[in-house]
Protein chains: 2
Amino acid sequence: MSDSAPLEKVAVSLTPQERFEEFLQSRGQRNTEQRRFLVDRVFSNHEHFDVDSLIEQLPRKGQENYVSRPTVYRALKEFVDAGLLRCFQLEGRSVYEHDYGYPQHDHLYCTRCQKLIEFTSDEMMKIRDQVAVQHSFRVTSHRLIIQGVCQDCSRRRKKRKQDLI
Amino acid sequence: MSDSAPLEKVAVSLTPQERFEEFLQSRGQRNTEQRRFLVDRVFSNHEHFDVDSLIEQLPRKGQENYVSRPTVYRALKEFVDAGLLRCFQLEGRSVYEHDYGYPQHDHLYCTRCQKLIEFTSDEMMKIRDQVAVQHSFRVTSHRLIIQGVCQDCSRRRKKRKQDLI
DNA sequence: TTTCGTGCAAAGGCTTTGCATAGAT
DNA sequence: ATCTATGCAAAGCCTTTGCACGAAA
């Protein structure tokens, strides 16, 4: 059974930067300034993000280290291929999160404040695999998102109701 | 534990057509030919579908019962609101399935043949609710998709390998 | 010097919207 | 008669692509 503590990191021997370097070399691709810069930015905090929120935080056109939108898209795809990031769809857009250095996990999604809460559950994995066996299905991955309202939003709502009395 | 049998229907007192009629009346909306026609078509078979595959099966422009693309989109949204259909995202597009008259379930998705296989799991629901309690999260719904390769595709692959020997 | 990567502009895929007309109640 | 629904064309949103130039190996 999982507990409610924040997700623990997993020990990894290479930095994301080094790992991506290796990935690129293995495919005969080049490690450019843009790619290095984006790896840095993407791994500078553990929040989930979408392309727009990432680009908002990057230098604008004309500034130092500007990276164009197509290049951001291309880089993110490479990060996913390299195992640095995972990508999933939420409300129509792609959401990215750290994969490298973090364990397999699933999400609670608060439809009030859009927060994504990570959790791990071994039992979830067991059931997944049992279901697969029953259907003679060979599993490669899964995606579980539990939607609802988080604690903070429930509290806020309750507080507001009390204030009205 | 769920078994591997196909999904059983759930007893409902109204036909989809009747249920949608009620829904429209409750919202002061009108039951048009297009809506009735689409309800019929959508409930004529239990397969999952996306907008394009649905429209392909509908009459073309100029023919009897033609329904325009925007109207199809608008109707599908209403069917979801009315509880007739459920909608989820798969590989970037919206996929629809019957909700009214069918139990809550999840999916195995074969990445080889794009087949969606439905399954129910009470244990899955239990774990979902346990996780939610641990995080003081109020659940409204969830979406689980297990990706991998289905039995048929595994067999085909094996067969092909044998043939090569 | 060869190849790959980048930025630009433009296009693509799916979905939604504004608007005038047609239709339901 | 009133007000919603439809079809059309156009726009929106997110993402990808073709191409010429620039940069890495």
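In what follows, every chain begins at residue 1, and chains take the letters A, B, ... in the order their sequences are listed. It should be emphasised that the depicted structure is a prediction, and the values quoted were computed from it without experimental measurement.
Residue Tyr73(A) places at least one side-chain N or O closer than 4.0 Å to OP1 or OP2 of dT15(D). The phosphate of dC4(C) (OP1 or OP2) has no side-chain N or O of Thr32(A) nearer than 4.0 angstrom. Residue Ser94(A) places at least one side-chain N or O under 4.0 Å from the OP1 or OP2 atom of dT15(D). Taking side-chain N and O atoms only, Gln34(A) has a distance below 4.0 Å to OP1 or OP2 of dG7(C).
A chain of hydrophobic side-chain contacts below 4.5 Å, direct or via other Ile, Leu, Val, Met, Phe, Trp or Tyr residues, connects Leu38(B) to Leu24(B).
Look at CZ on Phe79(A): it is 13 Å from P on dG5(C), rounded to the nearest Å. Between Phe37(B) atom CZ and dA24(C) atom P the separation is 16 Å, expressed in whole Å. Rounded to whole angstrom, the span from the CD atom of Glu91(B) across to the C1' atom of dG13(C) amounts to 14 Å. Separating the CZ atom of Arg35(A) from the P atom of dG22(D) is a distance of 19 Å, rounded to the nearest angstrom. Distance CZ (Arg69(B)) to P (dA10(D)): 17 Å, rounded to an integer number of Å. Here the C1' atom of nucleotide dT16(D) and the CZ atom of Arg93(A) are 19 Å apart, to the nearest Å. For the pair Leu76(A) CG and dC14(D) P, the interatomic distance rounds to 15 Å; values are reported in whole Å. Between the P atom of dT3(C) and the CZ atom of Arg27(A) lies a distance of 19 Å, rounded to the nearest Å.
For the pair Arg19(B) and Ala82(B), the tightest heavy-atom approach, listed with the atom from each and the gap, is NH2-O, 2.9 Å.
The neighbour count for Glu8(B) CD, taken as heavy atoms of other residues, nucleotides or ligands under 6.0 Å away, does not exceed 12.
Each of Gln89(B) and Gln29(B) was assigned the nucleotide of DNA chain C with the nearest heavy atom; the assignment lying further toward the 5' end belongs to Gln89(B). Of the two residues contacting DNA chain C, namely Glu33(B) and Glu33(A), the nearest-nucleotide position lying further toward the 5' end is that of Glu33(A). Comparing Thr71(B) and Gly28(B) against DNA chain D, the residue whose closest nucleotide sits nearer the 5' end is Gly28(B).
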Could you go over nucleotides 17-22 of chain C and give all protein N or O partners under 3.5 Å, atom names and distances?
none

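Residues His98(A) and Phe43(A) bring their aromatic ring centres within 6.0 Å. Ring centroids of His48(B) and His107(B) are separated by less than 6.0 Å, placing the two rings close together.
A donor-acceptor contact under 3.5 Å is formed by the side chain of Arg30(B) with the base of dC3(D).
Annotation: proximity of residues 42-65 of chain B to DNA chain D (heavy atom, distance under 4.0 Å) is found for Lys61(B), numbered in ascending order.
The distance from the OG1 atom of Thr71(A) to the CZ atom of Arg35(A) is 8.5 Å, given to the nearest 0.5 Å. In this structure, the separation between CG on Asp50(B) and SG on Cys87(B) is 10.5 Å, given to the nearest 0.5 Å.
For Tyr66(B), the listed nucleotide lying nearest its side chain is dC8(D); candidates were dT15(C), dC8(D), dG7(C). Closest to the side chain of Asn31(A), out of dA24(C), dT15(C), dA25(D), is dA25(D).
Scored by the side-chain contact (heavy atoms from CB on, under 4.5 Å) test, Glu33(B) finds Arg36(B), Asn65(B) as partners (sequence neighbours excluded).
The residues Lys115(B) and Asp152(B) are annotated as salt-bridged, a charged nitrogen and a carboxylate oxygen being separated by less than 4.0 angstrom. No salt bridge links Arg128(B) with Asp106(B); every basic N to acidic carboxylate O contact stays at or beyond 4.0 Å.
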